[in-house]
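Okay, structure first, notes after.
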Protein chains: 2
Amino acid sequence: MNISEARTRIVATADELYNARGIQAVGMDELRAAAGVSLKKLYQEFPSKGSIVMAVLERRHRSWAEGLEATVRQAATPRERLLAIFDYLAQWFCEDSFRGCGFINSFAELGAVSPEVAEYAREHKASFQDYVVRLANEAGAPSYLAPQLSILAEGAQTTAAIAGTTEAARQARSAAEVLIDTALGGRSSRAA
Amino acid sequence: MNISEARTRIVATADELYNARGIQAVGMDELRAAAGVSLKKLYQEFPSKGSIVMAVLERRHRSWAEGLEATVRQAATPRERLLAIFDYLAQWFCEDSFRGCGFINSFAELGAVSPEVAEYAREHKASFQDYVVRLANEAGAPSYLAPQLSILAEGAQTTAAIAGTTEAARQARSAAEVLIDTALGGRSSRAA
DNA sequence: ACCGAGCGAGAACGAACGTTCTCCCCTCTC
DNA sequence: GAGAGGGGAGAACGTTCGTTCTCGCTCGGT
């Protein structure tokens, strides 16, 4: 077995388990069993559980960024690209495994106790916000639009996670339409 | 010492500690020390840690509902009452102890493992959404407005928590103004 | 003054967890 | 074929945690 293949499987399995049940609720032995590796190999690939958590966060960040980018790329106009954020959310919420944003969850679980996790969650959110800023700029929108849309996206994620329904994506999208059209149409009017 | 006074102090202390460091990171012994009660009294008042967690959630719910209601009541018009939601958030985010919505956090930490916690978080969010629906109705807004504002409020909370800044309240408020004015002004136009 | 009930302090217990160690088998090399 | 090295299974270790138990003290009633 390739050493890097074991790593990949460990991180992928950890991602699933941590997402489904929470990081602290999944022990190393359960992860070992689910990933089909020995404990020795686990600790050969990762020095500690904390480093697995960080690897999972990196994987989640990559997966999110790539998935979002792929959905956005399909949109034709700058306005549609901004709205594509919410289409991506809608599709994500439909997955059986959806249990809320993994960064919000890990921040809530470990942010107060692990500076690394807190910092990575912050970076992930900042990178998303930067991305929205870029999309908003390409649409020629005033600078206050991007944070508004980011907040809508965050809210849709937690609402969908806790309520267990998918409608928040649609509701957030319709709100985003209003915000975008107002920002693009009525130049000069209102600022944050 | 009044028996109910001990209860109150235990729950208040647990609220602080759980909020600051996470539920799972705070042991019964630390709670006992911080609340200044004996372990015996602790288990005399509550059968288990889980029941303390539920009592904390109930306290948080009451505190949230009362604080929100108090802020909303100060607003003069239905439109301002809707916006008061975000003034309440702004004020909350400024508190040193703010570390995100306690229900989102406890849901992320224990929701997958404790059906009671998950259910209570759901109920809390549903009750907030109902409240927004009521305020929106009093403003004569179409039914799609309330979920939009609820999502904004959720998003502001997680954004403020992770970024560690307070500006999300202001940004969400300005977005809410747009959504409210659009919903109240352009009757018939767009629905969710 | 004495007895019993209640309380605080903290030891004790059992379980779970992260991490390391041991033992055994397989395999590859000479 | 013998020996060594690596890897898997899982026992072991030390810690932490939730919960219970023990012990000694205090205090109120008669």
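In what follows, every chain begins at residue 1, and chains take the letters A, B, ... in the order their sequences are listed.
- Side-chain contacts under 4.5 Å among hydrophobic residues (ILVMFWY), followed directly or transitively, place A:Val133 with no other residue at all.
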Donor-acceptor pairs are to be reported for all side-chain atoms of residues 16-26 of chain A against protein atoms at under 3.5 Å, with residues two or more places apart or in another chain.
residue	atom	partner	partner atom	Å
A:Asn19	ND2	A:Ser97	O	2.7
A:Arg21	NH1	A:Glu30	OE2	2.6
A:Arg21	NH2	A:Ala25	O	3.3
A:Arg21	NH2	A:Glu30	OE1	3.0
A:Arg21	NH2	A:Glu30	OE2	3.4

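- The interatomic distance linking A:Leu42 (CG) with C:dT19 (P) rounds to 10 Å, in whole Å.
- Taking only side-chain nitrogens and oxygens, B:Gln44 comes nearer than 4.0 Å to OP1 or OP2 of C:dC7.
- Side-chain proximity of B:Lys41 to the nucleotides D:dA9, C:dT19, C:dG8 is greatest for C:dG8.
- The distance from atom CG of A:Leu39 to atom C1' of C:dG18 is 9 Å, rounded to the nearest whole Å.
- For A:Asp15, the salt bridge (charged side-chain N to carboxylate O under 4.0 Å, His left out) partners are A:Arg59, A:Arg60, not counting sequence neighbours.
- Checked for salt-bridge contact, B:Glu66 and B:Arg62 miss the test: no charged N lies under 4.0 Å from a carboxylate O.
- In this structure, B:Lys40 and A:Pro47 both approach DNA chain C, and ranking their closest nucleotides by distance from the 5' end singles out B:Lys40.
- Partners of A:Ala55 under the side chain to side chain contact (heavy atoms under 4.5 Å, CB included) rule, at least two apart in sequence or in another chain, are A:Val11, A:Phe46.
- For DNA chain C, the residues of residues 25-34 of chain A within the heavy-atom distance limit of 4.0 Å (strictly under) are A:Val26, A:Gly27, A:Met28, sorted by number.
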Give the table of side-chain donor-acceptor pairs shorter than 3.5 Å for residues 115-127 of chain A, with sequence neighbours excluded, one pair per line with atom names and distance.
residue	atom	partner	partner atom	Å
A:Glu119	OE1	A:Arg122	NE	3.4
A:Arg122	NH1	B:Ile162	O	3.3
A:His124	ND1	A:His61	ND1	2.9
A:Lys125	NZ	A:Glu154	OE1	3.0
A:Lys125	NZ	A:Glu154	OE2	3.3

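- Out of D:dA11, D:dG8, C:dG18, the shortest distance to the side chain of A:Tyr43 is found at C:dG18.
- The distance from atom CD1 of B:Ile52 to atom P of D:dG18 is 9 Å, rounded to the nearest whole Å.
- In this structure, B:Ile23 places its CD1 atom 18 Å from C1' of D:dT16, rounding to the nearest Å.
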